[in-house]
Amino acid sequence: MKFPELDSGVDLTEVEEKCRTLWDDTKIHDYNPESKKPLFSVDTPPPYVSAAHLHAGHAMSYTQAEIIIRYKRMQGHNIFYPMGFDDNGLPTERYVEQKYKINKKKTTRSEFRALCIEETQKGAKTYEELWRSLGLSVDWDLKYSTIDDLSRHTAQKSFLDLHSKGLLYRANEPVLWDTHFETALAQADLETISRKGKMYDIRFEDSDGNPLIISTTRPELIPGCVGMFFNPSDQRYSKLEGGKAKVPLFDIEVPILTSDEVDQEFGTGLMMCCTFGDGEDVKKWKENKLETRLVISPDGKMTEAAGKYEGMQIAEARKHIVTDLQEAGFIVGEKTVEQNVSVGERSEVPVEFVMEPQWFINLLKHKDEFLKRADELEWFPAHMKVRLQHWVDGLKYDWNISRQRFYGVPFPLWYVEETGDVILADEADLPIDPIEDEPPQWAKDKYKGMTIVPETDVLETWMTSSLTPLINANWAGREGRKAGMEIYPMTLRVQAFEIIRTWLFYTMAKSHFHTGSLPWKNVMISGWGLNEQGKKISKRDLEKFTDENGYNRYDPYSLIKKYGADALRYWAANSQLGRDLRFHEKDVKDGRKVVIKLWNVARLAFMYMEDFDANTQTVPVHERPVEDQWLLNEINKLNAKMTECFEKYDYATAKESLHKFFWITYCDDYLELVKTRFWENTNWSEKDILSAKSTLYESLRLLVGLFAPFIPHVTEEIYQQAGKFGEDNVSLHVSKWPERNDFKFELAEDMQVILKTLYAVRKLRSERQIGQGARLDKLVLQVSNGGDLETTVKKLDTSLLSAARADQIDFGSANVETGIDGLAIDIVPHKDVS
RNA sequence: GGGCAAUUAGCUCAGUUGGUUAGAGCGCUACCUCGACACGGUAGAGGUCACAAGUUCGAAUCUUGUAUUGCCCACCA
């Protein structure tokens, strides 16, 4: 074919748009359920749309996975790559409330849901646009949202299935509670913060009026004290066992008991148990069947049980109680301590315990099974598995899935007020909202005349998010979905490390319960994109550094506009799997350089290939000059290495090898050597020139293929411009991953002579300040040990002249070492070039 | 307090199963506008591989300990 002349100043934006149109039109990213190709299905995080503040870190983590997906597609897999959007939960609820100034009590859930869906669709659009402009090869027909009918149906089916398997129970127990949002929380919703607190030594008394000193940071819980404990092996207090302790300020007597959990060394070795200060209190309360005297209400105020402190906020009550204790002489010591407090991850308010009837999924009984599943799963990188194991080991509570919120997936059930019976929805009716929908007919018949009330709590968001593989596989069996359970278990889960304890764990647990299998075979854990200081990129970074044109260096759109999507993608592959990546704008710029360089390589190759016809003019590899054979061999090695890396999801090492090869071996060495074959007055034969064309043609095709997963746009454009290299594909991205040519390269030593000569000449030129391109009069060679080397050097004379860009070779006296034993060189410039 | 990871050039990072003189990019110095590319090329300066001990003929690499950083976990009330 006649290769076109490529523009020297390529417009990357135009190229990217052109590619996107091609990909959309040809639907090459779509999942094909009929395909016989091996399946590669990906479970990727549904981003939280309402809290959208997109930054380079998002672009990074999604791109890292997508590079793998592009590779797998080229390896001949049938790709299932859906994108979901998470619009469930508190942030959406608050956003919609504020935006529409809604009083939730005056609206119905379905109306509110409609608004949420509307808002989140807007957010989803922003994401979709970004993902598209980044070149993510998502099948957009597979889009889902965590509040759509499919997801609600799946979540409710999950509830029914767990119920039927006896894995659910409803209990009125102390639960972790967020007093700010007034809702229950699960263990995974907690965070720990460090803060300074005061520890008070407070005097209780035994029945004889002898002091019993306990240490506490929470004196406001004293009215809720229901017992005092010491370690059974603590001799100091053994005579107290079975006695009573008098609680200061309050006219209460509580039993004195023992517990192994008490640390004798801590404080006086005595501790109070309150309903409820922490999980340990709950445990002691349960084990010893202690009284219940709740002093903190769900809204974070003191209850009636707190006597005169009733109605005060917790912190306020603490202050007052401390003052009163001091005045009455009950405080015998105090000190400032560093304390770790569990807080709700959204409210950052310390969690309390309250008693509310809640639904729980039984987790604690299944720890061993989860650990086994964690082992079965293949982790990339492997050390991330430990994080899940530790989390499972440390689980203390069953999973509370009830949330006292307005918005979310409703529980599919009603209660019978008179009997307390639970009426479950029929699966055929899902999704339902018990507030708005009628209970099943059988229930209405059975409980005729009784009061049936809906469950008003909603399922917590992870209850839905934990089902993404089953949502995607249409486990719910809804009409109109392209894919079914044939994609299950999925091949790969992609996510960041901070949600191992939530998303990963819950998804695994659910899959285990519902299907008795893992939800996916492999998991790939990404790190975070960090700012230059190594901190999380914050909303503040995005606001603070935005200039008057709306440009912000952390904003993916800004970066794409300035450097191109391929450049940003290339940057994303900089960090090793699972590692964080510090953002530096210049690194994105480096990506752009590679894109432009590759474009220019194509220009060069096109120019020299002219109207090369690969079908009729290709020279057999073994008949080509040593440089050509060497290059093809180097590409073979590179290909083998990259393929091996990709199979381990190691996009970073694959990229690095490719980068190094491209810049040094290909551009600096090979192209510089091969160029002269096309110049006038060369000693190269016509066949050698055809060899060069053959090699340029083949190597450019290979390069474009190897670069394709990283920089899909520019590679596609080159591929198309090159007439697809005569292949029958609509796109480079559905072409076959380059195959290795298994010829044997046997001229490595010859090539060393050429390369070492080239390097020596460069060094000499630099030392003598002769331009690298300037023609030389003579290349002087001195072969000191004769024999084979001399034969080799003579055989390679044309190559050596090319390497030196000299007019003639002179065998004489030279004293610049080449690094080849016995070969020294010198150069003689033309007289007019001094 | 426990765990996981990291610590290599001024900065960001590679360094494959232990094997000559530890690499790249950016930045820096000097030179080169030569027929793809100055978003380029060539040469160069710059590192006691966090520290200490050990294993070994040989350690950035393996072992142990220490320090620092990041993340995760934890009931010291």
Side-chain angles (χ1 to χ4, degrees), chain A residues 6 8-10 187 190-192 199 214-218 221 229 259 261-267 269-274 277-284 337 339-340 342 381 383-391 393-394 396 497-498 500-501 527-528 530 532 534-535 563 567 571 574-576 578-584 586-587 589-608 641 644-645 650 652-653 655-657 659-660 663-664 667-668 671-672 675-676 678-680 758-759 761-775 805:
Chain A
L6 299 181
S8 63
V10 59
Q187 190 179 345
L190 305 184
E191 262 179 16
T192 308
M199 173 103 71
I214 62 103
S215 297
T216 183
T217 54
R218 300 209 55 188
L221 292 179
F229 285 83
S259 162
E261 304 291 324
V262 179
D263 180 355
Q264 300 183 40
E265 307 299 316
F266 186 87
L270 285 172
M271 77 181 280
M272 67 170 178
C273 170
C274 303
D278 58 27
E280 275 308 306
D281 284 351
V282 174
K283 207 168 143 196
K284 292 197 187 74
V337 291
Q339 55 178 173
N340 296 323
S342 284
H383 68 256
M384 291 290 179
K385 177 161 82 178
V386 180
R387 297 195 182 208
L388 180 64
Q389 290 170 331
H390 284 174
W391 177 254
D393 281 337
K396 288 184 302 184
F497 53 79
E498 87 282 6
I500 288 176
R501 69 181 193 178
W528 277 347
L530 304 175
E532 292 86 339
K535 303 281 177 205
Y563 302 106
W571 165 78
N574 269 353
S575 76
Q576 293 285 336
R579 299 266 297 259
D580 295 340
L581 177 58
R582 283 195 191 201
F583 178 84
H584 291 277
K586 67 168 182 55
D587 294 337
K589 199 176 170 185
D590 283 349
R592 182 183 172 83
K593 284 188 192 175
V594 172
V595 172
I596 304 257
K597 183 96 171 169
L598 183 61
W599 180 258
N600 281 307
V601 164
R603 280 184 71 208
L604 174 88
F606 280 20
M607 204 170 81
Y608 286 142
K641 165 105 187 194
E644 192 192 323
C645 289
D650 183 1
T653 310
K655 187 201 104 158
E656 202 192 313
S657 317
H659 183 91
K660 220 166 169 174
W663 217 282
I664 296 172
C667 294
D668 294 349
L671 291 182
E672 290 305 325
K675 265 177 184 178
T676 58
F678 298 97
W679 295 354
E680 287 158 26
L758 172 68
Y759 299 153
V761 170
R762 281 177 183 167
K763 198 166 171 176
L764 273 176
R765 285 173 182 265
S766 185
E767 278 168 11
R768 298 184 191 169
Q769 304 198 351
I770 302 166
Q772 297 291 337
R775 300 278 316 172
R805 300 196 178 171

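For clarity, every value in this text was computed on a predicted model and none was experimentally measured. Proteins come first, then strands; the chains are lettered A, B, ... in the order of their sequence lines, and each starts at number 1.
- The side chain of A:Val386 lies closest to B:C4 when the candidates are B:A36, B:G35, B:C4.
- Nucleic acid contact class of A:Tyr608 (heavy atoms, under 4.0 Å, all strands): sugar-phosphate only.
- Using the Watson-Crick or G-U wobble rule with both distances under 3.5 Å, B:U21 pairs with nothing in any strand shown.
- Distance from the side chain of A:Trp663 is smallest to B:G41 among B:C11, B:G41, B:G35.
- A straight line from OH of A:Tyr759 to P of B:U21 spans 21 Å, rounded to a whole angstrom.
- The nearest whole Å value for the distance from the CG atom in A:Asp580 to the C1' atom in B:C72 is 13 Å.
- For the P atoms, the distance from B:U8 to B:A60 is 15 Å, rounded to whole Å.
- Separation of the P atoms belonging to B:G2 and B:A9 is 30 Å when rounded to the nearest angstrom.
- The residue A:Asn340 sits close to a base: some heavy atom pair falls under 4.0 Å.
- A:Arg765 places a side-chain N or O within 3.5 Å of a backbone atom of A:Gly771 that can act as its donor or acceptor partner.
- Remark: B:C75 base-pairs with no nucleotide in the shown strands. Criterion, Watson-Crick or G-U wobble with two distances under 3.5 Å.
- Classification of the A:Phe678-A:Tyr608 ring pair by plane angle, with boundaries at 30° and 60°, yields parallel.
- Base contact: A:Ser215 has a heavy atom under 4.0 Å from a base atom.
- Nearest nucleotide to the side chain of A:Arg579, out of B:C26, B:A36, B:A6: B:A6.
- Rounded to whole angstrom, the span from the CG atom of A:Leu6 across to the C1' atom of B:C37 amounts to 12 Å.
- A:Met271 comes within contact range of at least one nucleobase, with a heavy-atom separation under 4.0 Å.
- In this structure, the CG atom of A:Leu604 is 16 Å from the P atom of B:G40, given to the nearest Å.
- Across B:A77, B:G23, B:G40, the shortest atom-to-atom separation from the side chain of A:Lys660 is found for B:G23.
- Per the stacking criterion (ring centres < 5.5 Å, plane angle < 30°), A:Phe266 does not stack onto the base of B:A77.
- Nearest nucleotide to the side chain of A:Lys641, out of B:A36, B:U16, B:A77: B:U16.
- Taking atom C1' in both B:C4 and B:G46, one finds a spacing of 34 Å when rounded to whole Å.
- Base pairing annotation: B:U56 forms no Watson-Crick or G-U wobble pair, as no partner gives both donor-acceptor distances under 3.5 Å.
- With hydrogens and angles left out, the side chain of A:Lys586 and the base of B:C26 share no donor-acceptor pair within 3.5 Å.
- To the nearest whole angstrom, the two C1' atoms, one in B:G19 and one in B:U61, are 11 Å apart.
- Nucleotides B:G23 and B:C37 place their P atoms 32 Å apart, quoted to the nearest Å.
- Contact record, A:Leu221 with A:Cys274: O-SG, 3.4 Å, taken as the closest heavy-atom pair.
- Looking at A:Arg582, its side chain never comes within 3.5 Å of a backbone N or O of A:Leu530 through a donor-acceptor pair.
- Within 4.0 Å (heavy atoms only), A:Met384 reaches no atom of the nucleic acid at all.
- Across the interface with RNA chain B, nearest-nucleotide mapping of A:Leu270 and A:Cys667 shows A:Cys667 to be the residue nearer the 5′ end.
- Annotation: side chain of A:Glu656 is not in contact with side chain of A:His659 (no heavy-atom distance under 4.5 Å).
- Here B:A77 is the nucleotide among B:C75, B:A77, B:C37 with the atom lying nearest to any side-chain atom of A:Asp263.
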Could you run down the sub-3.5 Å N/O contacts of the protein with nucleotides 30-32 of chain B?
none

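- The separation between A:Trp599 atom CH2 and B:C39 atom P is 18 Å, rounded to whole Å.
- A 3.5 Å limit on both hydrogen-bonding distances identifies B:A30 as the Watson-Crick or G-U partner of B:U42.
- Residue-level contact check: A:Phe606 touches neither bases nor backbone, having no heavy atom under 4.0 Å from any strand.
- Residues A:Arg387 and A:Glu498 are not paired through a salt bridge, judged by the lack of any N-O separation under 4.0 Å between the basic side chain and the carboxylate.
- When each of A:Arg805, A:Arg762, A:Glu672 is tested with A:Gln772 by the rule side-chain contact (heavy atoms from CB on, under 4.5 Å), just one qualifies, namely A:Arg762.
- Residue A:Lys597 is classed as a base contact, given a heavy-atom separation below 4.0 Å to a base.
- Atom pair A:Lys385:NZ and B:A5:P shows a separation of 13 Å (rounding to whole Å applied).
- Within 4.0 Å of A:Lys589, counting heavy atoms only, lies no atom of the nucleic acid at all.
- Closest approach of A:Gly578 and A:Met384 over heavy atoms only: O-CE, 3.9 Å.
- Rounded to an integer number of Å, the gap from NZ of A:Lys283 to C1' of B:A77 is 14 Å.
- Residues A:Trp571 and A:Phe583 place their aromatic rings such that the two centres sit under 6.0 Å apart.
- Using a 4.0 Å heavy-atom cutoff across all strands shown, A:Gln187 reaches sugar-phosphate atoms only and no base atom.
- One can place NZ of A:Lys655 at 12 Å from P of B:C13, the figure rounded to the nearest angstrom.
- Distance noted for atom C1' between B:A52 and B:C11: 28 Å (whole Å).
- Taking atom C1' on both nucleotides, B:U55 is separated from B:A45 by 37 Å, rounded to a whole Å.
- Nucleotide B:G47 is matched to nothing when pairs are restricted to Watson-Crick or G-U wobble geometry with both distances under 3.5 angstrom.
- In this structure, CD on A:Glu261 lies 11.5 Å from SG on A:Cys273, to the nearest 0.5 angstrom.
- When the nucleotides B:A77, B:U12, B:C37 are ranked by their closest atom to the side chain of A:Arg603, B:C37 comes out on top.
- In the set B:U12, B:C39, B:G23, B:U12 carries the atom at the smallest distance from any side-chain atom of A:Asp587.
- Of the nucleotides present, B:U7 is the one that pairs with B:A67 by Watson-Crick or G-U wobble criteria, both distances under 3.5 Å.
- Under a cut-off of 6.0 angstrom, the local environment of NZ in A:Lys589 is sparse, with at most 12 non-hydrogen atoms contributed by other residues, nucleotides or ligands.
- Shown here, B:G35 forms no base pair; nothing in the strands shown gives a Watson-Crick or G-U wobble contact with both key distances under 3.5 Å.
- Within 4.0 Å of A:Val595, counting heavy atoms only, lies no atom of the nucleic acid at all.
- Listed candidates were B:G3, B:G23, B:A36. Nearest to the side chain of A:His390 is B:G3.
- Ranked by how close their nearest RNA chain B nucleotide is to the 5' end, A:His383 and A:Trp528 are led by A:His383.
- Distance from the side chain of A:Arg387 is smallest to B:C72 among B:C37, B:C72, B:A77.
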>> Between A:Val594 and A:Trp663, does the side-chain contact (heavy atoms from CB on, under 4.5 Å) criterion hold? Intermediate values first, please.
In response: CA-CA 9 Å; A:Val594 172; A:Trp663 217 282; 3.7 Å; yes
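- Judged by distance alone, with hydrogens and angles left aside, A:Gln576 brings no side-chain donor or acceptor close enough to the base of B:A5 to form a pair under 3.5 Å.
- Only the P atoms considered, B:U48 is 28 Å distant from B:A5, to the nearest whole Å.
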